[in-house]
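This is a predicted model, so every value here is computed, not measured.
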Amino acid sequence: MKVKLLTTISLLTYQLSISQTEKLLHGKVFSNNNPLKEVEVINKTAKTSTRTNALGEFSIPVKVKDSLLFFSKDYFFTRLKITQANIDKNNIIVNMAIKAEELDEVVVTTMKFNPVKISQKDLDNVKLYKEAGSLQKYTGVYDGTIPNGMDFTRMGTGLFNLFKKDKEELKKKTSETDFKKLIAKSIPSDFFTKNLKLKPEEKDLFIEFCDADPRSKNLLENNNVLATMDFLYAKNEMFKKL
């Protein structure tokens, strides 16, 4: 009886040790049956990462209940919770959906217009029309206009709008910092709502909060998705305490 009990305990202990030991998991990443290279494969639990090769293949140490994240800037973010079945199979297939194409630039083409021909007769008619409408010529009352002069009011309005436009464009450019560009390029938008549990309206405020931290500049020098996510997780704890 004691021998059977010891054997059972040994087997349970062995199985438990196996489940807690990391195994090298192999897999492939596809999109529409095409292998994807350079996909970032991140073990969020163990804080390790790797990338797929030209055939979409990868290998990464995992344990049961580890969270794997698959990230590529042109594809939607994919997550996978590791099970014992995944480890036993040791050849998982991950399918990623491609993002809709965005309009990156506008190409302006040169258009040619036929020249407008104005005869001397047309010029004379315009001059007569302007003289006929001149209040000063027939009444002697000055109406505030300068004959054949410039419309300074219109010019002033145009200059004001020009400076206003330049100011708005400068404000827009300065608000788009390098850190924000890094976040937009390397972190999927649903990461903030699904992983950080932020409300959609809190996202921009949270990024501003992170950008104000001097440590965010270190991420620009050492661009790493895993390090960026760790930074966002840490800042999220602080953000929720505000």
Side-chain angles (χ1 to χ4, degrees), residues 20 22-25 27 29 31 36-53 56 58-82 94 96-105 166-242:
Q20 292 179 346
E22 285 188 336
K23 298 291 184 181
L24 191 62
L25 180 68
V29 181
S31 179
L36 298 181
K37 65 178 181 178
E38 297 298 319
V39 174
E40 192 100 22
V41 184
I42 302 171
N43 187 331
K44 176 186 169 186
T45 308
K47 298 188 182 300
T48 56
S49 64
T50 185
R51 289 191 177 187
T52 57
N53 59 18
F58 69 91
S59 299
I60 190 169
V62 298
K63 293 187 298 186
V64 175
K65 295 184 179 181
D66 278 0
S67 293
L68 290 189
L69 311 177
F70 298 85
F71 172 73
S72 179
K73 66 177 183 177
D74 296 324
Y75 298 84
F76 285 108
F77 187 58
T78 303
R79 291 177 293 179
L80 176 66
K81 195 81 169 179
I82 297 300
V94 178
M96 300 184 69
I98 192 170
K99 294 180 181 178
E101 294 184 2
E102 299 180 354
L103 184 62
D104 293 329
E105 59 182 13
D166 290 342
K167 185 177 180 181
E168 289 176 351
E169 288 182 354
L170 179 61
K171 183 179 180 181
K172 183 178 180 181
K173 288 180 181 179
T174 54
S175 64
E176 189 68 16
T177 63
D178 291 335
F179 177 75
K180 292 179 182 178
K181 292 178 182 178
L182 172 66
I183 295 299
K185 181 180 178 181
S186 60
I187 303 299
S189 58
D190 61 349
F191 174 82
F192 297 92
T193 53
K194 292 182 178 179
N195 293 74
L196 300 184
K197 307 300 181 183
L198 292 171
K199 297 177 182 178
E201 60 270 21
E202 292 178 328
K203 177 184 174 183
D204 291 338
L205 182 61
F206 174 69
I207 294 176
E208 292 281 356
F209 176 71
C210 295
D211 192 14
D213 191 325
R215 291 176 295 177
S216 65
K217 307 301 182 291
N218 298 332
L219 299 173
L220 301 175
E221 299 174 0
N222 303 300
N223 189 359
N224 180 278
V225 176
L226 187 58
T228 303
M229 286 184 174
D230 284 341
F231 174 74
L232 294 176
Y233 273 116
K235 295 300 294 183
N236 187 42
E237 295 297 325
M238 300 172 62
F239 183 76
K240 290 185 179 299
K241 293 179 182 178
L242 294 177

Can you check whether Ile60 reaches Lys23 side chain to side chain, under 4.5 Å on heavy atoms?
no

Under 3.5 Å: donor-acceptor pair, side chain of Thr52, backbone of Glu38:
yes

Distance in Å, Leu220 CG paired with Phe179 CZ, rounded so as to fall on 0.5 Å steps:
7.5 Å

Are any of the side-chain heavy atoms of Asn43 and Leu68 separated by less than 4.5 Å?
yes

Does any part of the side chain of Met229, heavy atoms only, come nearer than 4.5 Å to the side chain of Asn195, both counted from C-beta?
no

Can you find a heavy atom in the side chain of Met96 that is under 4.5 Å from one in the side chain of Leu36?
yes

Does the side chain of Phe239 reach to within under 4.5 Å of the side chain of Leu196, using non-hydrogen atoms?
no

Flag side-chain contact, heavy atom, 4.5 Å: Ile183 against Leu232:
yes

Report the distance from atom CZ of Phe209 to atom CE of Met238, rounding to the nearest 0.5 Å.
4.5 Å

Any side-chain heavy atom of Val39 within less than 4.5 Å of one from Phe58?
no

Between atom NZ of Lys65 and atom NZ of Lys81, what is the distance when rounded to the nearest 0.5 Å?
8.0 Å

What's the spacing between Phe191 CZ and Arg79 CZ if we round to 0.5 Å?
9.5 Å

